[in-house]
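For reference, the structure discussed in these notes is given below.
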There are 2 protein chains.
Amino acid sequence: MLSKKTKYGLKALTYMAKKGDGKTPILIAEIAEQENISKKFLEMILLQLKNTGFLGSKKGKGGGYYLLKEPKDITVAALMRVLEGPIAMLPCVSLNFYEKCDDCKTEEECSLNRVMVEVRDNTLRVLENKTLADLTN
Amino acid sequence: MLSKKTKYGLKALTYMAKKGDGKTPILIAEIAEQENISKKFLEMILLQLKNTGFLGSKKGKGGGYYLLKEPKDITVAALMRVLEGPIAMLPCVSLNFYEKCDDCKTEEECSLNRVMVEVRDNTLRVLENKTLADLTN
DNA sequence: CCTTTAGTCTACTAATTCGATAGAGTATTA
DNA sequence: TAATACTCTATCGAATTAGTAGACTAAAGG
């Protein structure tokens with residue numbers, strides 16, 4: 001299951017993609033209210049998305065956050081990796097967060113490895129091809 | 001990501017499917033050693049799988065656990081639902097653990113709902129058709 | 001019948017994560 | 001220079017995760 005952080009992050013950026021023109025900043029407070037998200041919690045999430053290159057920000061009056069790329073160029077998979085971490089069900093089948101399992105001798109012998117690779121590929125086929133632009137419909 | 005509990009449970013039952021004849025009990029200790037799982041932790045997992053109808057048990061000398069069904073009749077999805085809970089990424093798209101999201105007005109309006117349904121369907125297509133018999137290869 | 005074996009059950013723990021909040025600080029605008 | 005709005009650090013309680021300890025019960029077998 002996705003954490004609320006990931007869910008809120010995706011919903012917030014979808015809101016921004018739907019509403020914004022790409023350069024006019026949008027208030028945290030507005031997003032929080034519209035999407036029913038705790039404002040303080042959302043602050044943290046958007047800040048992280050800024051620090052990872054998805055958002056730009058402007059302080060003071062008329063400030064807020066804005067998307068740095070076009071919605072169609074931001075995949076759900078990329079956002080999930082930043083907010084949630086690995087998409088795969090096991091570390092040993094993760095493409096971006098690979099880690100060896102310490103209870104398996106080899107990955108060839110691991111009974112779960114192959115199935116989880118298959119799950120991962122099916123999941124990624126969806127998430128890599130879905131962008132913020134698709135979520136706004 | 002799957003919890004270790006789920007991972008261990010799947011590996012343990014795969015071991016049993018590979019090794020057992022369906023009625024001769026297999027020792028917890030043997031599975032734990034062969035699959036590098038903490039014995040005490042595995043006790044708890046197998047007990048749960050007994051209480052949910054997957055395993056039978058026998059106490060005393062010559063005792064242990066045995067599968068109640070044939071490996072080909074136990075899907076990975078069924079095991080994961082018992083050990084891990086929901087397979088879907090959001091409660092509102094879970095077939096077996098459905099829950100309404102309190103931050104969304106309606107599910108039609110929710111930008112994430114449709115994508116997550118698609119992910120779920122793709123994941124289930126794999127997991128529902130994969131049985132313990134497939135894992136033993 | 002008594003010892004050994006092996007699953008059952010309850011309880012507890014340490015560490016981590018999750019979701020959220022508080023409040024001071026800083027940049028920007030008017 | 002006052003108001004605005006993002007930035008940063010710190011903290012919090014609750015829940016979850018992974019694992020351990022130890023007593024209890026059922027069964028086999030000599």
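We name chains A, B, ... by the order of the sequence lines, and we start the count at 1 in each one.
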>> Can you pull out the residues from residues 81-92 of chain B that lie within a 4.0 Å heavy-atom distance of DNA chain D?
In response: none
> In chain order, what residues pass the salt bridge (Lys or Arg N to Asp or Glu O under 4.0 Å) check against A:K4, with sequence neighbours excluded?
Replying inline: none
> Distance from A:M16 atom CE to A:T14 atom OG1, nearest 0.5 Å?
Replying inline: 10.5 Å
> Counting only non-hydrogen atoms, which of residues 3-18 of chain A are less than 4.0 Å from DNA chain C?
Replying inline: A:S3, A:K4, A:K5, A:Y8
>> Just the rounded figure in Å: distance from P of C:dT29 to CG of A:L27.
In response: 14 Å
> Can a salt bridge be assigned to the pair A:K7 and B:D103 using a cut-off of 4.0 Å between side-chain N and carboxylate O?
Replying inline: yes
>> Can you list everything that forms a side-chain contact (heavy atoms from CB on, under 4.5 Å) with B:N51? Sequence neighbours excluded, please.
In response: B:L47
> For the pair made of NZ in A:K39 and C1' in C:dG19, what is the distance, rounded to whole Å?
Replying inline: 17 Å
> Would one find a side-chain N or O of B:S38 under 4.0 angstrom from OP1 or OP2 of D:dT20?
Replying inline: yes
>> Any side-chain to backbone donor/acceptor pair from A:R81 onto A:N96? Under 3.5 Å, distance only.
In response: no
>> Run the salt bridge (Lys or Arg N to Asp or Glu O under 4.0 Å) test against A:K40 and tell me which residues pass, sequence neighbours left out.
In response: A:E43
Only distances under 3.5 Å count here; give the side-chain donor-acceptor pairs of residues 108-115 of chain B to other protein atoms, sequence neighbours excluded, each with its distance to 0.1 Å.
{"from": "B:E109", "atom 1": "OE2", "to": "B:T106", "atom 2": "OG1", "distance (Å)": "3.3"}
{"from": "B:R114", "atom 1": "NH2", "to": "A:N137", "atom 2": "O", "distance (Å)": "3.0"}

> Do B:K5 and B:E84 meet the salt-bridge criterion of a basic N to acidic O distance under 4.0 Å?
Replying inline: no
>> Under 4.5 Å side-chain heavy-atom separation, chaining through any Ile, Leu, Val, Met, Phe, Trp or Tyr, what else clusters with A:Y66? Say none if it is isolated.
In response: A:L68
> In whole Å, what is the span from the OH atom of A:Y66 to the P atom of D:dC6?
Replying inline: 12 Å
> Using a heavy-atom distance cut-off of less than 4.0 Å, which residues of residues 56-63 of chain A contact DNA chain C?
Replying inline: A:K58, A:K59, A:G60, A:K61
>> I'd like to check the side-chain contact (heavy atoms from CB on, under 4.5 Å) partners of B:P71; sequence neighbours left out, ordered by chain and number.
In response: B:A17, B:L67, B:L132, B:A133
> Looking at residues at least two apart in the chain, or sitting in another chain, which of them share a salt bridge (Lys or Arg N to Asp or Glu O under 4.0 Å) with B:E107?
Replying inline: none
> Is the side chain of B:R120 donor-acceptor paired with the backbone N or O of B:I87 at a distance under 3.5 Å, no angle test?
Replying inline: no
> How many Å lie between CE on B:M1 and C1' on D:dA18, as a whole number?
Replying inline: 15 Å
> Given atom CG of A:D103 and atom P of D:dA18, what is their separation to the nearest angstrom?
Replying inline: 12 Å
> Whole-Å distance between C:dT5 C1' and B:E30 CD?
Replying inline: 15 Å
> Among residues 40-53 of chain B, which contact DNA chain D at a heavy-atom distance under 4.0 Å?
Replying inline: B:K40, B:F41
>> Going by side-chain contact (heavy atoms from CB on, under 4.5 Å), name the residues that satisfy it together with A:Q34, two or more places apart in sequence or in a different chain.
In response: A:Y15, A:E30
